[in-house]
Amino acid sequence: QVQLVESGGGLVQPGGSLNLSCAASGRIFRISAMGWYRQAPGKQRELVARSTEVRSTNYADAVKGRFLISRDNAKKTVYLQMNSLKPEDTAVYYCNADIISSGYSLANYWGQGTQVTVSS
């Protein structure tokens, strides 16, 4: 009954910016952690950025200094601000969250993914 819905993907030129959003909905008691993963053609899915319940963050080396993860707990939403985008950032970006649903224990959820294409 919990779902994650991403938005904000699209086509952007190298050096440009995009802001991804992921909103959680359903019977949610609290969100423990939220993060972003990506998967490029021919590559394994990899962690991009992650934010914990206490707003501790970590980033993949490839995006440090360019991407910023943030969250709005009231809106149950996590964001990924992507700056100075490179062609190698092209991938499907997935939202992921560890969520405690009402009356139940922790479970992990995935969004449907949103395409980010960086090309001139």
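On a predicted model such as this, the values are computed, not experimentally measured, just so you know. Atoms considered below: every heavy atom in the structure, side chains included; atoms not considered: hydrogens, waters and symmetry mates.
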Determine whether [X] and [Y] make a side-chain contact, defined as any pair of heavy atoms from C-beta on separated by less than 4.5 Å.
X    : Y   : result
I28  : V2  : yes
Q39  : Y94 : yes
V116 : L20 : yes
M34  : T77 : no
S119 : P87 : no
L68  : Y59 : yes
Q115 : T90 : yes
K86  : R66 : yes

Handout entry: Distance-minimising heavy-atom pair for V12 and L85
Key = CG1-CD1, 3.5 Å

To the nearest 0.5 Å, what is the distance between [atom1] on [X] and [atom2] on [Y]?
X    : Y   : atom1 : atom2 : result
K75  : S25 : NZ    : OG    : 15.0 Å
I69  : R50 : CD1   : CZ    : 9.0 Å
S102 : Q1  : OG    : CD    : 9.5 Å
T117 : L11 : OG1   : CG    : 6.0 Å

Is a side-chain donor or acceptor of [X] paired with a backbone partner of [Y] at a separation under 3.5 angstrom?
X   : Y    : result
E6  : Q112 : yes
Y93 : V48  : no
N73 : K76  : no

Practice task
Output, in order, the C-alpha distance, side-chain angles, deciding distance and verdict of side-chain contact (heavy atoms from CB on, under 4.5 Å) for L4 and W110.
Solution key: CA-CA 6 Å; L4 304 175; W110 288 95; 5.6 Å; no

Exercise for the section: Could you tell me whether the side chains of N83 and S17 share a donor-acceptor contact shorter than 3.5 Å? Expected result: yes

Problem - Chi angles and distances behind the side-chain contact (heavy atoms from CB on, under 4.5 Å) call for V78, I31 - result: CA-CA 11 Å; V78 64; I31 301 175; over 6 Å; no

Problem - Worked check of side-chain contact (heavy atoms from CB on, under 4.5 Å) between I99 and L106 - result: CA-CA 6 Å; I99 297 174; L106 184 72; 5.6 Å; no

Handout entry: V63 reachable from Y79 in the ILVMFWY side-chain graph, under 4.5 Å edges
Key = no

Practice task
Flag yes if V118 and L80 sit in one hydrophobic cluster, no otherwise; membership is Ile, Leu, Val, Met, Phe, Trp, Tyr, and two members link when side-chain heavy atoms are under 4.5 Å apart.
Solution key: yes

Practice task
Test the R71-W36 pair against the cation-pi criterion, namely NZ or CZ under 6.0 angstrom from the six-membered ring centroid and within 45° of the ring axis.
Solution key: no

Practice task
Give the intermediate values and the outcome of side-chain contact (heavy atoms from CB on, under 4.5 Å) for residues N96 and R45.
Solution key: CA-CA 12 Å; N96 181 262; R45 187 173 299 186; over 6 Å; no

